[in-house]
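The figures here come from the full heavy-atom set of this structure, side chains too, leaving out hydrogens, waters and symmetry mates. Reminder, nothing fancy here: chain letters follow the sequence lines and each chain counts from 1.
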2 protein chains.
Amino acid sequence: MLTEVVEEYLEAIYKMSLNGPVIAARLAEWMKVSPPTVADMLKRLSDKGLVKTSRRDGVKLTKKGLETAETMVRRHRLWERFLTDILGLNWDEVHEEACKLEHAISSPQVEEKLADILGHPETCPHGHPIPGTRGARKREKEAKPLSQCSVGDEAIIERVADEDSQLLQYLASLGLLPEARVAVKEIAPFKGPMLVNVCGAQYALGQEVAAKIMVKGK
Amino acid sequence: MLTEVVEEYLEAIYKMSLNGPVIAARLAEWMKVSPPTVADMLKRLSDKGLVKTSRRDGVKLTKKGLETAETMVRRHRLWERFLTDILGLNWDEVHEEACKLEHAISSPQVEEKLADILGHPETCPHGHPIPGTRGARKREKEAKPLSQCSVGDEAIIERVADEDSQLLQYLASLGLLPEARVAVKEIAPFKGPMLVNVCGAQYALGQEVAAKIMVKGK
DNA sequence: ACAATTAGTTAGACGACTCTTATTTTAGTC
DNA sequence: GACTAAAATAAGAGTCGTCTAACTAATTGT
């Protein structure tokens, strides 16, 4: 049996590896722990056959590690849907809650029942694909950050970073939700803000924010 | 912030104290840990102001401890209802699951939303009152075990022990569910089985089993 | 090529929770 | 009052997950 903390690390490695190789120092930042703590944990994860670490490739999930990680991500996102769609929480309140709930499912049967009542959704409320639905991996990798678009580009919001409650409130207030169509009107020089059009209104978005909005090319 | 283990101990103490004074040795059995482990934990619980222990009265929850315990029990039973009523699990499958879920609720708000969608039930699927609904404490204390009934007694099943999955399956197969009316027809001597009538059928129940069925006098 | 940043490692520690084994109290019984 | 059974305590240890401080190795920019 795996501990919750182990599951959290696997999930982190999984998510980080969608953006290139995972190194211990980054993992320490992500998990908000010190480097030696990560080193200890990687040792334990290795011993359990959940990851392989090498100087060259960094941290890689083994098949077993990947399976666990995907299960956790799936459960996390299913719970997020439950919290918004059924309990009626706001999309900025559900991430934290789901972080705990994801570890409290004991069997694939319960997970499936949950998916059943939710109607087998393909994404979480923030637009992230739910592993286990077709094309989840592919969608996860295809989108690009809005910050990388050029003036004149039009795009559809695919998903947004789900961890920062304040950011989510802000995005919702501007209508920057998954499926919304955005058009880049102007980009101020020197990494300045980006003027975008959404739902007929125009807003200036900082690079920071734009980097957290993933879009699919129009 | 309290750990899950601390919450589990408080819950155990709460439930045990409904049947008289709680002593460390019993608590160790209930929690399936060794006596020194319990002693350590009681020390920690005392330090946190959650319990008071004395030679004379055993372990008592403080106001703060009681509040926490009731919250946990309430969440546990709400999740059980969710698991049966909404996810469609069987009543023998939900206790374990709810044991984990109860610790994964971060705020009274989420708890309330859950109660809302469940229609503010008064009991869990096994008939145990949900703290926070009126008269919960009273109902919890009023019922008596079926094993203490006499020949000729008629009674309504109030609740059944919820921890043993096999027992629950067995009870369900006989129709021994909360709200069912039972009549004691015969009690074999020397602590022998009890012949009871339920839904027109007659069954012999061992003392062990009868002790786990709580009834309200007709 | 070398200084400077970044990454990783070693060593020692601590809190939470658990164990076993052994001993001491306490309570109950004859 | 003495003896036994049950309960509690003491002592010592181990795992998991975390820390800080100090040190070494690897990269990288100029």
Side-chain angles (χ1 to χ4, degrees), chain A residues 1-14 16-17 19-61 64-65 68-69 72 96 99-100 102-104, chain B residues 1-14 16-17 19-61 64-65 68-69 72 96 99-100 102-104:
Chain A
M1 228 334 192
L2 303 178
T3 66
E4 286 191 16
V5 177
V6 164
E7 290 175 346
E8 290 285 342
Y9 275 89
L10 294 176
E11 212 184 333
I13 294 165
Y14 173 82
M16 289 173 69
S17 61
N19 308 306
V22 178
I23 83 175
R26 282 321 116 251
L27 190 50
E29 284 165 13
W30 182 293
M31 296 294 297
K32 297 186 174 60
V33 296
S34 68
T37 299
V38 166
D40 282 4
M41 180 53 82
L42 288 177
K43 172 81 173 48
R44 278 199 293 276
L45 295 179
S46 264
D47 291 350
K48 289 193 206 298
L50 296 164
V51 303
K52 276 252 165 10
T53 46
S54 69
R55 234 345 107 72
R56 270 183 48 265
D57 304 330
V59 184
K60 291 261 183 215
L61 293 171
K64 195 170 147 203
T68 308
M72 299 322 297
E96 290 251 307
C99 266
K100 297 226 205 122
E102 71 191 27
H103 306 290
Chain B
M1 227 334 190
L2 303 179
T3 67
E4 287 191 14
V5 178
V6 164
E7 289 175 346
E8 291 285 342
Y9 274 88
L10 293 176
E11 211 184 334
I13 295 165
Y14 172 82
M16 289 173 69
S17 62
N19 309 307
V22 178
I23 79 176
R26 281 323 116 251
L27 190 49
E29 285 164 13
W30 182 293
M31 296 293 298
K32 298 187 172 65
V33 296
S34 68
T37 299
V38 166
D40 281 4
M41 179 54 81
L42 288 177
K43 172 81 173 48
R44 277 197 294 276
L45 294 180
S46 265
D47 291 350
K48 288 192 209 293
L50 296 163
V51 304
K52 276 253 167 4
T53 47
S54 69
R55 233 346 107 67
R56 269 183 50 263
D57 304 329
V59 184
K60 291 264 185 213
L61 293 171
K64 194 170 146 202
T68 308
M72 298 322 298
E96 291 251 308
C99 267
K100 298 225 206 125
E102 70 191 29
H103 306 291

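- Atom pair B/Leu10:CG and C/dC17:P shows a separation of 11 Å (rounding to whole Å applied).
- For B/Glu8 and C/dA16, the CD to P distance is 18 Å, given to the nearest whole Å.
- Side-chain atoms of A/Lys64 come within 3.5 Å of backbone N or O of A/Lys48 as a donor-acceptor pair.
- Residues meeting the side-chain contact (heavy atoms from CB on, under 4.5 Å) test with A/Glu96, sequence neighbours left out: none.
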Secondary-structure notation, DNA chain C, from Watson-Crick and G-U pairs under 3.5 angstrom (| other strand): ||||||||||||||||||||||||||||||
Just the table, please: protein N/O against nucleotides 17-20 of chain D N/O, every pair under 3.5 Å.
| residue | atom | partner | partner atom | Å |
| --- | --- | --- | --- | --- |
| D/dG17 | OP1 | A/Thr3 | OG1 | 2.4 |
| D/dG17 | OP2 | A/Arg44 | NE | 2.9 |
| D/dG17 | OP2 | A/Arg44 | NH2 | 3.4 |
| D/dT18 | OP2 | A/Tyr9 | OH | 3.1 |
| D/dT18 | O4 | A/Asp40 | OD2 | 3.3 |
| D/dC19 | OP2 | A/Ser34 | N | 2.8 |
| D/dC19 | OP2 | A/Ser34 | OG | 3.0 |
| D/dC19 | OP2 | A/Thr37 | OG1 | 2.5 |

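- With a 4.5 Å cut-off on side-chain heavy atoms, A/Leu42 and A/Tyr9 do not count as touching.
- Residue B/Leu45 contributes atom CG, which lies 11 Å from atom P of C/dT18 at whole-angstrom precision.
- As rounded to whole Å, 14 Å separates atom P of C/dC17 from atom CG of B/Leu27.
- More than 12 non-hydrogen atoms from other residues, nucleotides or ligands lie less than 6.0 angstrom from NZ of A/Lys100.
- A 4.5 Å side-chain heavy-atom check between A/Val6 and A/Met41 finds at least one atom pair inside the cut-off.
- Nucleic acid contact class of A/Arg26 (heavy atoms, under 4.0 Å, all strands): sugar-phosphate only.
- As judged by a 4.0 angstrom heavy-atom cut-off over every strand, B/Ala24 is placed among residues touching the sugar-phosphate backbone only.
- A straight line from CG of A/Asp57 to C1' of C/dA7 spans 16 Å, rounded to a whole angstrom.
- Not a single salt bridge (charged side-chain N to carboxylate O under 4.0 Å, His left out) links B/Lys60 to another residue, sequence neighbours left out.
- Protein atom CD of B/Glu7 is 14 Å distant from nucleotide atom C1' of C/dA16, rounded to whole Å.
- Considering only heavy atoms from C-beta on, A/Leu50 comes within 4.5 Å of A/Leu2 through its side chain.
- Side-chain contact between A/Leu45 and A/Val59 is absent, with no heavy-atom pair separated by less than 4.5 Å.
- Not a single salt bridge (charged side-chain N to carboxylate O under 4.0 Å, His left out) links A/Glu4 to another residue, sequence neighbours left out.
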Interface polar pairs with nucleotides 25-27 of chain C, N/O, under 3.5 angstrom:
| residue | atom | partner | partner atom | Å |
| --- | --- | --- | --- | --- |
| C/dT26 | OP1 | B/Arg55 | NH1 | 3.4 |

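- Note: CG (B/Asp47) to C1' (C/dC17) measures 15 Å, nearest angstrom.
- At a threshold of 4.0 Å, the pair B/Arg44-B/Asp40 does not count as salt-bridged, since none of the basic side-chain nitrogens sits closer than that to a carboxylate oxygen.
- Side-chain contact between B/Glu7 and B/Glu102 is absent, with no heavy-atom pair separated by less than 4.5 Å.
- When the P atom of C/dA16 is taken as reference, atom NZ of B/Lys43 falls 10 Å away, rounded to whole Å.
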